[in-house]
Amino acid sequence: MTSKGPETEEIKVDDIPVNEGTDVQIDEEKNVSADDAAGIEAEKPKPVPKGSRRGSKSLMLELERMKELAEGNEEKYKRLLAEFENMRQRNEKESKKMYDIGAKEVLEKLLLVVDNLERALDSVPEEDKERGFEQGVDKIYRQLMVTLEGVGVKPMNAEGTQFDPEFHNAVIHIEDENFGENVIAEEMQKGYMYKDQVLRHSMVKVAN
């Protein structure tokens, strides 16, 4: 029994003389099995659907739509961010305003303590100012004033300045050639500022 050998390829070459510059045409015949043919057919790249091809009109339209959507989302994000920042600043201002209102109520009451300490110190005779008790009261007063200044409370020191109804309450009006017109001759009760706000108006005596 004769075994069948492997498939072979037959190459036919036309019997023509080959000279330099002569083109040679080769007819190639190749026997391929059915299984190999199916494999080769499967390996061939499949055509890309027309709608999915690069540069197709529908793909470009979809890309443009997504681009517009992204730009719109970016604008919305910027607006929301700006609104959030404005809201944060408003809340900070409101919180600061409420804090200042509460602080002023407490500080106004502390000013009464300051007034009493000043009256007490003013009533001490000169010869008694070096005594221990009087020195202790003076130190407490100075410490209190430093503490108040640390939170933004400062006396106006209105005496000798021009009268301003925004800061001063005129309780007495006098004629005095030693002072100019509408000059505060005496501060009868100290006024105080809390930061940029009036904590308590000065009670003053106004000349001319």
Side-chain angles (χ1 to χ4, degrees), residues 69-208:
L69 181 62
E71 291 175 352
N73 289 336
E74 183 180 7
E75 286 298 319
K76 290 179 181 179
Y77 169 75
K78 289 179 179 180
R79 286 198 299 269
L80 288 174
L81 186 62
E83 290 176 4
F84 173 78
E85 181 64 20
N86 292 335
M87 183 183 298
R88 185 185 66 80
Q89 292 179 2
R90 285 196 300 269
N91 288 338
E92 284 184 357
K93 289 180 180 178
E94 288 296 325
S95 298
K96 183 177 179 295
K97 183 178 179 180
M98 295 302 297
Y99 172 82
D100 288 342
I101 290 173
K104 286 178 68 176
E105 293 179 357
V106 175
L107 294 171
E108 285 174 0
K109 296 177 181 179
L110 284 177
L111 292 182
L112 299 177
V113 178
V114 173
D115 293 339
N116 289 331
L117 286 172
E118 289 178 344
R119 293 190 189 100
L121 291 172
D122 290 341
S123 66
V124 176
E126 192 66 32
E127 62 273 13
D128 295 337
K129 289 185 177 181
E130 298 300 323
R131 295 194 309 183
F133 178 78
E134 284 75 7
Q135 287 289 315
V137 173
D138 183 65
K139 288 180 180 179
I140 292 172
Y141 167 74
R142 293 178 184 277
Q143 184 179 8
L144 178 58
M145 295 305 295
V146 170
T147 301
L148 290 174
E149 185 175 354
V151 297
V153 178
K154 294 182 180 180
M156 292 184 183
N157 298 321
E159 188 170 329
T161 64
Q162 284 287 324
F163 174 76
D164 187 340
E166 292 290 331
F167 304 102
H168 314 127
N169 283 335
V171 294
I172 299 177
H173 185 85
I174 63 171
E175 297 292 335
D176 193 329
E177 295 180 355
N178 296 322
F179 296 97
E181 185 177 358
N182 281 336
V183 174
I184 297 173
E186 181 182 350
E187 188 175 37
M188 303 177 68
Q189 185 183 55
K190 282 185 179 181
Y192 288 88
M193 297 291 295
Y194 173 59
K195 298 179 180 178
D196 58 347
Q197 306 174 48
V198 175
L199 181 60
R200 185 175 75 182
H201 290 79
S202 295
M203 296 177 64
V204 298
K205 182 188 297 184
V206 182
N208 307 318

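These numbers come from the heavy atoms of this one structure, side chains and all, not from hydrogens, waters or symmetry mates. Throughout, numbering of the chain's residues begins at 1 and tracks the sequence.
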Item to check | Qualifying salt bridge (charged side-chain N to carboxylate O under 4.0 Å, His left out) pairs, either residue in residues 131-156, two or more places apart | outcome: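 Listed by first then second residue: R131-E134, D138-R142.
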As an exercise, state the distance from [atom1] of [X] to [atom2] of [Y], rounded to the nearest 0.5 Å.
| X | Y | atom1 | atom2 | result |
| --- | --- | --- | --- | --- |
| K97 | R90 | NZ | CZ | 14.0 Å |
| M98 | N91 | CE | CG | 12.5 Å |
| N157 | M193 | CG | CE | 12.0 Å |
| L111 | L107 | CG | CG | 7.0 Å |

Checklist entry - Looking only at heavy atoms, which two atoms of H168 and T161 are closest? And how far apart? => result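 Shortest heavy-atom contact: CE1-OG1, 4.1 Å.
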Checklist entry - So, for Y194 and A103, which heavy atoms are closest and what is the spacing to 0.1 Å? => result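 That would be OH-CB, 3.7 Å.
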Next on the checklist: Evaluate L80 against F84 for side chain to side chain contact (heavy atoms under 4.5 Å, CB included), listing each step before the verdict.
Outcome noted: CA-CA 6 Å; L80 288 174; F84 173 78; over 6 Å; no
Would you give me the side-chain donor-acceptor pairs under 3.5 Å for residues 198-208, sequence neighbours excluded?
residue, atom, partner, partner atom, Å
R200, NE, K190, O, 3.1
R200, NH1, D115, OD2, 2.8
R200, NH2, D115, OD1, 3.2
R200, NH2, D115, OD2, 3.4
R200, NH2, K190, O, 2.8
H201, NE2, E166, O, 3.2
S202, OG, E187, OE2, 2.8
S202, OG, G191, N, 3.0
K205, NZ, E186, OE1, 3.0
N208, OD1, D176, N, 2.9
N208, ND2, D176, O, 2.8
N208, ND2, F179, O, 2.6
N208, ND2, G180, O, 3.3

Next on the checklist: Please determine whether the number of non-hydrogen atoms from other residues, nucleotides or ligands lying under 6.0 Å from atom CD of E177 exceeds 12.
Outcome noted: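 Counting other residues, nucleotides and ligands, CD of E177 stays at 12 neighbours or fewer.
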Next on the checklist: The test is salt bridge (charged side-chain N to carboxylate O under 4.0 Å, His left out); show your working for D100 and K96 and say whether it passes.
Outcome noted: CA-CA 6 Å; D100 288 342; K96 183 177 179 295; 3.3 Å; yes
Next on the checklist: Less than 4.0 angstrom from a charged side-chain N to a carboxylate O is my criterion; do E74 and K78 meet it?
Outcome noted: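 Yes, E74 and K78 are salt-bridged.
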Next on the checklist: Less than 4.0 angstrom from a charged side-chain N to a carboxylate O is my criterion; do E92 and R88 meet it?
Outcome noted: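 Yes, this pair counts.
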Checklist entry - Given L148 and V114, is the side chain to side chain contact (heavy atoms under 4.5 Å, CB included) satisfied, shown in steps? => result CA-CA 10 Å; L148 290 174; V114 173; 3.8 Å; yes
Next on the checklist: Holding to side chain to side chain donor-acceptor pair (under 3.5 Å), I want the full list of residues that pass it with E127, two or more places apart in sequence or in another chain.
Outcome noted: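 Applying side chain to side chain donor-acceptor pair (under 3.5 Å) to E127 gives none.
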